Amino acid sequence: MLVPMKELLAWAEQKNCAVGAFSVGNMEMVLGAVAAAEETGTPIILQIAEKRLAASPLHLMAPMMVSAAKRASVPIAVHLDHGLTLGCIREAIDYGFTSVMLDCSLLPLEENIEKTREVVSVASQCGVTVEAELGVVGGNEGDTAEHKILCTDPAAAKRFCEETGVDALAVAIGNAHGNYPVLPELRFDVLEEIYHTVDTPLVLHGGTGISDDQFRRAISLGVRKINIATASFDALAAAAKTYSDGAGKPDYFKLSPLCADAVRRNVVRHINVFLNRQ
Ligand code: 13P
C-alpha cells in the first residue's frame with residue numbers, strides 16, 4: 001500500500017531501525033525492490049532522482065512506481081530523490097509521490113532555508129513528506145562530476161530544521177554517492193552531535209559500499225532512512241552481463257526476471273542490515 005514517507009520514518013523510529021530507500025530506473029528494478037519488501041514483510045521507499053529522469057522519464061516511471069506501491073502487500077512510500085527544481089517537485093506530487101527531496105545543499109544556508117520553506121509549504125498542503133540536505137555529500141547523483149565532501153554543521157542543522165519544518169534531514173558525514181574507492185571513514189562524532197542537537201529524523205545518502213557495522217552505528221545515532229542506488233544498478237548490470245556472456249540465443253523473457261532478481265537480492269540484503277537482522 002502507498003503511504004506517506006513520514007509514516008515509515010515513524011515506524012523506523014519506533015523499531016529503532018532504518019527504512020531502506022531504493023533507487024529504481026526501470027520496471028525490473030521496481031519489481032525486484034517490491035518483491036524484496038514483500039518477501040521480508042518490510043516497508044520500503046521507492047525513489048528516483050531528478051537527474052535520472054533523462055534516462056527514465058517521470059511520466060513513465062511515476063505511474064509504475066505509484067501503482068507498484070499501491071498493489072504491494074507492505075507499506076511503500078514513493079519519493080523524488082534530489083529534486084532540483086520546484087517544477088519537477090510539483091510534477092512528482094501530481095503523480096502521487098508521497099515524498100519529495102529538495103537538494104539545495106550547494107547553496108548558501110539562507111537560500112537553502114528559503115527554497116526549502118517554499119517546498120515544505122507546497123508539499124504540506126498535499127500531505128507529502130519533505131527531505132532536504134545540509135552539508136555536501138560527495139559524488140553527485142546522476143553525474144560524473146565530483147564535489148568535495150563538507151560535513152553538516154550541527155548548529156546550522158538545528159537552525160535549518162527549526163526554520164524550514166522539514167520531515168527528514170540528509171546529513172554529510174564523509175558519505176558519497178557511487179562506489180567508494182576504499183571503505184569511507186564516516187564522521188560518527190559529527191553524526192552524534194547532530195543527533196543530540198536536532199529532533200528531525202536523519203537520512204544517510206551514498207549507502208553503496210558502507211559496511212554493515214557502519215550502517216548499524218549510523219542507525220544507533222538517529223539515521224532512519226538509508227539510500228541505496230549504485231549497488232542495485234550494478235547488480236542489475238552484472239546480471240545482464242552474466243546472462244549475455246552465457247551461451248545461447250539472447251532471450252528478453254529470460255533476461256528480465258534475472259535482472260529483477262539481482263535487484264531483489266541486493267534489496268533483501270540491505271533490508272536485513274537496516275532491520276538489525278543478522
Ligand atoms: P549510492 O549510489 O552510493 O548507493 O547512493 C544512493 C543515494 O544516496 C541516492 O540519493
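Just so it is clear, the structure is predicted and the values come from calculations on it, not from any experiment. Nothing fancy with the numbering, it's 1 onward along the sequence. All heavy atoms count here, side chains included; hydrogens, waters and symmetry mates do not. Remember, it's 1-based here, ligands and their atoms both numbered in the order they're listed.
The aromatic rings of F22 and F274 sit parallel, their planes meeting at an angle under 30°, below the 60° perpendicular limit.
Every atom of ligand 1 with a heavy atom of T230 under 4.0 Å away is listed here by number and element: 1 (P), 2 (O), 3 (O), 4 (O). Each of the following atoms of ligand 1 lies closer than 4.0 Å to a heavy atom of T208: 1 (P), 2 (O), 3 (O), 4 (O). For ligand 1 and H82, the ligand atoms under 4.0 Å from any heavy atom of the residue are 10 (O). Taking every non-hydrogen atom of H177 and a distance limit under 4.0 Å, the qualifying atoms of ligand 1 come out as 3 (O), 5 (O), 6 (C), 7 (C), 8 (O), 9 (C), 10 (O). Of all atoms in ligand 1, listed by their number and element, those nearer than 4.0 Å to a heavy atom of H205 are 8 (O), 10 (O). Near D81, the atoms of ligand 1 lying under 4.0 angstrom from a non-hydrogen atom of the residue are 9 (C), 10 (O). Close approach to G178 involves these atoms of ligand 1, each under 4.0 Å from a residue heavy atom: 1 (P), 2 (O), 3 (O).
Judged by distance alone, the side chains of N175 and H205 never bring a donor and an acceptor atom under 3.5 Å apart. In the model, T85 has a side-chain atom that pairs as donor or acceptor with a side-chain atom of E50 under 3.5 Å. Between S232 and N266, the side chains place a donor N or O and an acceptor N or O closer than 3.5 Å (distance only, hydrogens not considered).
For the pair A49 and ligand 1, no heavy-atom separation below 4.0 Å is found.
Of the polar atoms of S23, none of the N or O atoms is found under 3.5 Å from an N or O of ligand 1, judged by distance alone. The shortest N or O to N or O distance between I228 and ligand 1 is not below 3.5 Å. Taking only nitrogen or oxygen atoms, main chain and side chain alike, A231 does not reach within less than 3.5 Å of ligand 1. The shortest N/O to N/O separation between Q47 and ligand 1 does not fall below 3.5 Å.
Side-chain atoms of S67 do not come within 3.5 Å of backbone N or O of M64 as any donor-acceptor pair. Using modelled atom types, one side-chain atom of S124 and one backbone atom of S121 make a donor-acceptor pair closer than 3.5 Å.
Partner of S99 under the side-chain hydrogen bond (donor to acceptor under 3.5 Å, both in side chains) criterion, chosen from H79, K6, E131: H79.
Checked for salt-bridge contact, R90 and D94 miss the test: no charged N lies under 4.0 Å from a carboxylate O.
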